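Here's the structure we're looking at; comments come further down.
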Amino acid sequence: MSEPTPTSITYAEAGVDVEAGDKAVELMKASVRRATRPEVLGGLGGFAGMFDASAIARMARPVLATSTDGVGTKVAIAQALDRHETIGFDLVGMVVDDIVVCGAEPLFMTDYIATGTVVPERIAAIVSGIARACEQARVALVGGETAEHPGLLDPDEYDVAGAATGVVEYADVLGPQRVVPGDVVLGLASSGLHSNGYSLVRRVVAHAGWELDRHVDEFGRTLGEELLEPTRVYAADLLDLVRLEGVDVHSLSHVTGGGLAANLARVLPRHVHARLDRATWTPPAVFSTVQALGGVPRADLERTLNQGVGFVAVLPPTGVGAAVAHLEARGIRTWVIGEVHEAATAPVEDGVEVVRGAKGVEGGAVQVVGEHPTA
């Protein structure tokens, strides 16, 4: 029996296009060049991003902070609409805004994109969003990776992830250790759904039979446009707030998975109770629409979505006026959402859930009371 004739199999025949990857890098160069800081050494294409840390060496007790995240199933909306310029913006918000919570300044970020087929223009669009958000957050984009995974992902599928590093003086670390009874809780408006809860949102939309190109009067645009609204990036504005004279921020919380109450509880000490009042704000229409379309119980909705509050700040009442003025001047609607009490004497409302933490953290108690005003 004769041996079969050997077949020459190339990398391209296996589904990986190296030239497409190189073209994607060329297309993204201009965007990445804008997302930099003076401390960045070298350029795009090195094996590692380099950052001059001499300023850190001069700090009394520098503490490094790091965070990593993705954007969840929001990528499915971008893929369905073939619009990819906002997903990168979401990624930066989800990563760098976690670092700011402890008072750290995010310094640099890297990204990772896995895709079934490298379409240079699509990859460049994603990275352009990452670069724009990094520029806004004053964070350097020092490197990244695009990986082609034929056979694992469909040609038009992709996922994104990122990681960032920041630094803060040990004496300036924010958190539960600073919070005291009498502090005020500020709510900072979200830009919409941000990048959490899209598995619930997509399930609700599919159940209702709504198409992404459906115009929704309450949104003033299509459903798809509303769902792709980029995550607000708070990092630079919050860092400036923390450094503002006359304002003494005690703790910050990024309202992501788990919702408002659980994420606030993570940054409170165990001996306090925060009471938040729904009557102080009306969530944007997208939240009530999701609830109505899916018959989603309020408790489940509030554990999954941000309900219009993307960040909270806890600080003494003496700094509230200056803090609100600072954030409003930056275009972030800000208001007093509640107050902090000693747990033993707190006004606890019977029959209303008290949340004490999430994600392995058992912090202070948080109770959300009242009803939202109608729009």
Side-chain angles (χ1 to χ4, degrees), residues 65 67 89-90 92-106 132-139 166 168 172-175 178-180 182-196 229-256 259-261 263-264 266-268 274-284 286-287 305-340 366 368 372-373:
S67 176
F89 209 96
D90 291 299
V92 175
M94 299 308 292
V95 174
V96 304
D97 283 348
D98 276 359
I99 287 178
V100 173
V101 166
C102 67
E105 177 184 1
R132 282 189 297 109
C134 282
E135 186 178 11
Q136 180 177 313
R138 304 195 298 252
V139 174
V168 59
D172 297 331
V173 172
L174 304 180
R178 292 176 177 259
V179 177
V180 296
D183 279 350
V184 172
V185 183
L186 295 182
L188 282 63
S190 69
S191 57
L193 294 168
H194 286 184
S195 296
N196 291 104
E229 178 66 32
T231 300
R232 172 168 275 153
V233 177
Y234 300 87
D237 300 314
L238 286 173
L239 281 174
D240 291 344
L241 175 68
V242 169
R243 296 163 179 166
L244 188 65
E245 187 175 352
V247 175
D248 180 21
V249 176
H250 286 170
S251 70
L252 296 168
S253 182
H254 192 190
V255 182
T256 56
L260 173 59
N263 281 292
L264 175 57
R266 294 167 67 190
V267 299
L268 298 178
R275 178 185 171 94
L276 309 182
D277 190 353
R278 294 187 189 92
T280 61
W281 86 101
T282 300
V286 66
F287 298 98
L305 305 178
N306 68 58
Q307 288 292 87
V309 183
F311 238 94
V312 290
V314 182
L315 69 166
T318 53
V320 167
V324 171
H326 167 84
L327 293 168
E328 292 273 357
R330 302 294 186 95
I332 302 172
R333 188 169 65 86
T334 306
W335 68 99
V336 175
I337 197 173
E339 64 285 325
V340 176
V366 178
V368 187
H372 295 296

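Just so it is clear, the values below take in all heavy atoms, side chains as well, and ignore hydrogens, waters and symmetry mates. What you see is a predicted model, and the numbers here were worked out from it, not measured in a lab.
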### Message
Enumerate the side chain to side chain donor-acceptor pair (under 3.5 Å) contacts for residues 314-329, please, sequence neighbours excluded, ordered by first and then second residue.
### Response
none
### Task
Measure across A104 and L239 and return the closest heavy-atom pair with its distance rounded to 0.1 Å.
O-CD2, 3.5 Å
### Query
Which atom names give the shortest non-hydrogen contact between I99 and G166, and what distance separates them?
CD1-N, 4.0 Å
#### Entry: Evaluation steps, side chain to side chain contact (heavy atoms under 4.5 Å, CB included), between D172 and V242
CA-CA 10 Å; D172 297 331; V242 169; over 6 Å; no
### Message
If I compare all heavy atoms of S251 with all of V179, which pair ends up nearest, and what's the gap?
### Response
OG-CG2, 3.5 Å
### Summary
Hits for salt bridge (charged side-chain N to carboxylate O under 4.0 Å, His left out) against R275, two or more places apart or cross-chain, chain-then-number order -> E349
### Task
With rounding to the nearest 0.5 Å, note down the distance linking NE2 in H372 to CG in D277.
9.5 Å
### Message
Less than 4.5 Å apart, side chain to side chain, heavy atoms only: is that true for V249 and L241?
### Response
yes
### Query
Side-chain contact, heavy-atom cut-off 4.5 Å: R266 with S253?
no
### Task
Determine, step by step, whether V92 and V139 satisfy the side chain to side chain contact (heavy atoms under 4.5 Å, CB included) criterion, reporting the C-alpha distance in whole Å, the side-chain angles of both residues, the deciding distance to 0.1 Å, and the verdict.
CA-CA 9 Å; V92 175; V139 174; 5.8 Å; no
### Task
Please assess L193 against F287 for the test side chain to side chain contact (heavy atoms under 4.5 Å, CB included), listing each intermediate value before the final yes or no.
CA-CA 8 Å; L193 294 168; F287 298 98; 3.7 Å; yes
### Task
May I ask you to test the L260-I337 pair for a side-chain heavy-atom distance under 4.5 Å?
yes
### Summary
residues 329-339 vs side chain to side chain donor-acceptor pair (under 3.5 Å), sequence neighbours excluded, gives D237-R330, D240-R330, T280-W335, E339-H341
### Task
For R278, check salt bridge (charged side-chain N to carboxylate O under 4.0 Å, His left out) against everything at least two apart and list the hits.
E302
### Message
Show the nearest heavy-atom pair for residues V233 and F89, with the distance to one decimal.
### Response
CG2-CE2, 3.5 Å
### Task
Would you please name every residue forming a ring-ring contact (aromatic ring centres under 6.0 Å, His included) with H250, sequence neighbours left out?
none
### Nearest heavy-atom neighbours spanning G192 and N306
O-ND2, 2.9 Å
#### Entry: Pair H194-T256, side chain to side chain contact (heavy atoms under 4.5 Å, CB included): steps then yes or no
CA-CA 8 Å; H194 286 184; T256 56; over 6 Å; no
### Task
For L252 and V100, work out which heavy atoms get closest and say how close.
CD1-O, 3.6 Å
### Query
Does the side chain of V336 come within less than 4.5 Å of L186's, by heavy atoms?
yes
### Message
Test of understanding: with ring-ring contact (aromatic ring centres under 6.0 Å, His included), list the residues that count as partners of H254, not counting sequence neighbours.
### Response
F311
### Message
Could you tell me if the side chain of D248 sits less than 4.5 Å from the side chain of R178, heavy atoms only?
### Response
yes
